[in-house]
Amino acid sequence: MGNSLRSARFLIESRLRDAARGDADACFDLGMVYSSGADGVGIDLVEAHKWFNIAAVTGSSAAQLCRAEIAEDMTAREIIDAQKAARAWLRGLEMRAA
């Protein structure tokens with residue numbers, strides 16, 4: 001496995017752990033990684049929209065702007081899928097907290 005792939009996996013895994021603890025910055029970072037293809041991660045606008053959506057729920061205006069920007073390059077179906085994924089993630093957090 002190449003160093004960049006290992007680095008990307010480490011970044012994703014560490015930010016996912018932080019996001020699971022409610023870290024809005026981690027959610028925003030995940031949105032940035034998936035929207036830009038940074039660190040060897042493939043561009044995935046649905047996943048990026050999901051993470052920007054989750055960060056936006058916490059009041060991140062930067063996430064709101066990024067979400068709106070990438071939505072311009074997405075189909076309505078992709079946006080719906082991203083919204084469903086965000087709701088599922090948030091429900092999972094609520095269930096773990098209960």
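- Side-chain contact between S60 and F52: absent, with no pair of heavy atoms (C-beta onward) separated by less than 4.5 Å.
- Screening I12, L11, D25 for a side chain to side chain contact (heavy atoms under 4.5 Å, CB included) involving L30 leaves a single residue, I12.
- A 4.5 Å side-chain heavy-atom check between I54 and W89 finds at least one atom pair inside the cut-off.
- The distance from the CD atom of E47 to the CG atom of D81 is 11.5 Å, given to the nearest 0.5 Å.
- The CD1 atom of I79 sits 13.5 Å away from the NZ atom of K84 when rounded to the nearest 0.5 Å.
- Formation of a donor-acceptor pair under 3.5 Å by the E78 side chain with backbone atoms of T75 is found in this model.
- Distance check: L45 CG to R67 CZ gives 14.5 Å after rounding to the nearest 0.5 Å.
- Hydrophobic clustering (ILVMFWY, side-chain heavy atoms < 4.5 Å, transitive): V46 and I43 are in one cluster.
- Listed for the S36 side chain is a donor-acceptor partner under 3.5 Å among the backbone atoms of M32.
- At a threshold of 4.0 Å, the pair R15-D18 counts as salt-bridged, since one of the basic side-chain nitrogens sits closer than that to a carboxylate oxygen.
- Counting heavy atoms from C-beta outward, Y34 and D29 have side chains that stay 4.5 Å or more apart.
- Across every non-hydrogen atom of K50 and A85, the tightest pair is CD-CB, 3.4 Å.
- Few gaps surround CD on Q83; more than 12 heavy atoms of other groups in view lie less than 6.0 Å from it.
- We find the OG-NE2 distance between S35 and H49 to be 11.5 Å, quoted to the nearest 0.5 Å.
- With a 4.5 Å cut-off on side-chain heavy atoms, I70 and M74 count as touching.
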